[in-house]
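Structure, as structure tokens:
Labels below follow one simple rule: chain letters A, B, ... track the order of the sequence lines, proteins then strands, and each chain is numbered from 1.
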Amino acid sequence: MTAPSQSLPAAASGTKPLDPRIETISWILLVLVMISVPVWGSIYAVYMACLISINVIATVGLNITVGYAGLLSIGHSAFLGVGAYASALMWLHLGTPLAVNLVIGAVAAFAIGLVFGIPALRIKGVYLAIATLAAQYSLYFVFQQWTSVTGGDRGLSLPKIDVFGFGDTGFYYVVAFVALIATLAARNLFRTRIGRSFIAVREKDYAAQVLGINVVSTKLIAFGIGAAYAGIAGALLAAFLRIVNPDQFTLVSSVFFLAAVVVGGRGSILGSILGALFMTLMPEFLREIIALVSIEGADLASLLSPLREIIFGSLIVLFLIFEPRGLVGFVDRALGRSENVEARQEH
Amino acid sequence: MTSDILVVSGVDVTFGGIRALSDVSLSVPERKITAVIGPNGAGKTTLFNVISGFYKANSGSVTFAGTDLLSQPAHTRSANGISRTFQNIALFPGMTVAENIKLGAHAQLRTSLFAAGLYLGPAAKEERELEERMDKTVIELLGLQDNRDSSVSGLPYGTQKRIELARALISGPRLLMLDEPFAGLPTTEKATMAAQIRKVVDERGVTVLLIDHDMESIMGMSDQVVVLNFGEVIAAGAPADVQANPAVIEAYLGAEA
């Protein structure tokens, strides 16, 4: 029982809390940037900002499960799928408004997340990751095969949503607002007993028990919250793309979110934002670079898709080896806040 | 006379074919310091882990303030008023000193998931009150003012031991179980630690059950000493009586000679 738990090594750990003033200023700056995107940005920029906001929500959720609570999950995109289908079905069959659909998406994903979180009570680390693969594949199977409800491979098509008559810009503000609230809520969570109990369970579950933490329910809740965030992101994605089909929720997309967590910084809300930003924009940068170096007529663009996956994988490995704290590690160093002790903290 | 707050009676624990504890009985008087000593492998930590609910006893009972402990899961101990420290410090390196200590009060906090996400009103108030309580009750007592907001990892060993003690104390426990509080501390820090434990018992009415090897510290501060050897209680009583007990001398000196 005294054997230390085999959780992931503490990632974005050991730094002093950020000066509250700096933090408040950062939040205000973030809000200003988010508000102003449609003013200075093109339609394309607004589109990307929507996608980034949705990915931020999903990444924050996965970071709660993987980064803070230490429960490795590689089935995250399946929970996005649950949220997307649940909200799309509500919309198509009951005509409920977006706000209701978001809540339904979150609740549905939370419930399914709890079910697939049960293995986390018995197994850890890599073995848990394999068990979450079951979530990934069984939910994909349901999306694809339950044709009478999900529309099978063709999926579901949704009507265009018009928020207050502002079209795409209006929808962007809804997405950005939800992302902001979701991120702030996650940040708040880790100021209280609930967030602390997640970290305690990740680092030493036996000590957590002594402190009165119910390890079983804490792990389930951590898994459920991660899935609920995915559900919200999925519901927004459905409304954004106006189509829901199984191929949006594959293993590759789960790995995408896992990469966002690792690249951004495990156990860090800022890291989730940076990771989602980086991972969403990376394919765009790649396209630009390929366009720059490509010779006239050569079809380098067709390489982009396979390249993407190779780059996801290599990024995870490179960050784990060279900067386990992710992009947040760079930020901390830039602010002179790194203490560099946690890197040697092995237990 | 004070009453016994913790009563262990007839506890048996086996691991495979090994009998780690056999028919162990002891009582811990309230507002006193009881020390459990014994050679390595005598079953001291096993006894702690049974009381904490980590190990299942094959038979016997553990009663704390009239309630049976063995039928309850480990995480209910804190709410019952029992806290403990670990032999090899079990702090959470990914958190600050303050966060580690606050975790000690987890069972007493009520913030729900949604209130935590909003962090308005009750949730924020509970955190503020907890911080005040922490500053008032344990930070100063254990001299942790300078380290309050630093990361736990990298702090000196002795400081980490005091943080763990602070974490065990913030909930205001009735029974404090200390697994080797003096191990690895230099002589001066041992004296400080002993004085702090004594202070907690005298001023806050906490009952202490501790394990250690450091005879000098134990004999000096304990009200009662229980000696374990090969999973059995071979002596119990006042420190001076136990020291003079031939079976104890045999277990300690005979085994090593």
Side-chain angles (χ1 to χ4, degrees), chain A residues 1-2 4 7-17 67-68 70 181-182 184-218 221 224-225 228 266-267 337 339-347, chain B residues 45-46 49 52-55 73-80 82-96 98-100 102-120 123-124 126-127 130 149-155 164 167-168 171 177 179:
Chain A
M1 198 65 212
T2 40
S7 54
L8 295 164
S13 67
T15 45
K16 286 183 179 172
Y68 283 100
I181 296 296
L184 269 172
R187 193 253 166 277
N188 286 342
L189 196 62
F190 292 96
R191 292 160 84 162
T192 67
R193 65 190 283 264
I194 306 211
R196 285 194 294 268
S197 69
F198 289 177
I199 304 173
V201 165
R202 172 189 80 199
E203 297 196 336
K204 288 186 181 77
D205 50 7
Y206 61 97
Q209 277 186 310
V210 162
L211 300 173
I213 295 165
N214 184 338
V215 173
V216 169
S217 63
T218 303
I221 296 275
I225 294 178
R266 280 171 292 152
R337 296 200 306 129
E339 294 182 4
N340 272 329
V341 260
E342 54 283 347
R344 274 173 271 127
Q345 181 74 39
E346 301 289 337
H347 47 258
Chain B
T45 298
T46 305
N49 284 340
S52 294
F54 291 155
Y55 295 160
H75 66 84
T76 59
R77 297 293 187 279
S78 178
N80 277 328
I82 302 177
S83 58
R84 72 170 279 186
T85 64
F86 291 85
Q87 192 175 335
N88 34 12
I89 306 176
L91 291 173
F92 306 105
M95 286 186 263
T96 67
E99 284 172 323
N100 266 277
K102 281 182 191 172
L103 266 164
H106 181 86
Q108 298 167 334
L109 305 179
R110 289 288 158 263
T111 297
S112 69
L113 189 56
F114 285 102
L118 288 171
Y119 203 69
L120 298 166
E126 186 175 83
E127 277 301 301
L130 177 59
D149 294 313
S150 47
S151 164
V152 157
S153 54
L155 288 178
E164 209 192 13
R167 188 178 68 183
S171 60
M177 296 166 56
D179 195 346

Ignoring hydrogens and geometry, is there a side-chain-to-backbone donor-acceptor pair from B/Arg84 to A/Val210 under 3.5 Å?
no
Inter-residue atom distance B/Leu118.CG - A/Thr192.OG1, 0.5 Å rounding
11.0 Å
Which atoms of B/Ser112 are under 4.5 Å from chain A, going by heavy atoms: the side chain, the backbone, both sets, or neither?
backbone
Measure distances from A/Ile225 to the heavy atoms of chain B and classify the residue's part below 4.5 Å as side chain, backbone, both or neither.
side chain
Rounded at 0.5 Å granularity, tell me how far OG1 in B/Thr76 sits from CG in A/Asn214.
9.5 Å
Heavy-atom closest pair, residues A/Ala207 and B/Phe92:
CB-CZ, 4.0 Å
Less than 4.5 Å apart, side chain to side chain, heavy atoms only: is that true for B/Phe54 and A/Gln209?
yes
If we only count heavy atoms from C-beta on, is the A/Ile213 to B/Leu103 side-chain gap below 4.5 Å?
yes
Closest non-hydrogen atoms of A/Lys204 and B/Pro93, given as atom of the first, atom of the second and distance, are NZ-CD, 3.7 Å
With chain A, which of B/Gln87, B/Arg77, B/Glu127, B/Arg110 has the greatest number of heavy-atom pairs at distances under 4.5 Å?
B/Glu127
Taking all heavy atoms of B/His106 and all of A/Ser197, pick out the closest pair and write down the distance.
CE1-CB, 3.5 Å
Can you say whether B/Ala74 sits under 4.5 Å from chain A via the side chain, the backbone, both, or neither, judging by heavy atoms?
both
Do you know the tightest heavy-atom contact between A/Asn188 and B/Ala116?
CB-O, 3.1 Å
Name the option with the most non-hydrogen atom pairs under 4.5 Å to chain A; the candidates are B/Met177, B/Arg167, B/Glu126.
B/Arg167
Do you know which of B/Leu91, B/Leu130, B/Thr85, B/Asn80 has the most heavy-atom pairs with chain A at a distance under 4.5 angstrom?
B/Leu91
What is the minimum heavy-atom distance between B/Gly104 and A/Leu211, and which atoms define it?
CA-CD2, 3.9 Å
Could you pull out the closest heavy-atom pair between B/Lys102 and A/Arg196, with the gap in Å?
CD-NH1, 3.4 Å
Under 4.5 Å from any heavy atom of chain A, what part of B/Ile89 do you find: side chain, backbone, both or neither?
backbone
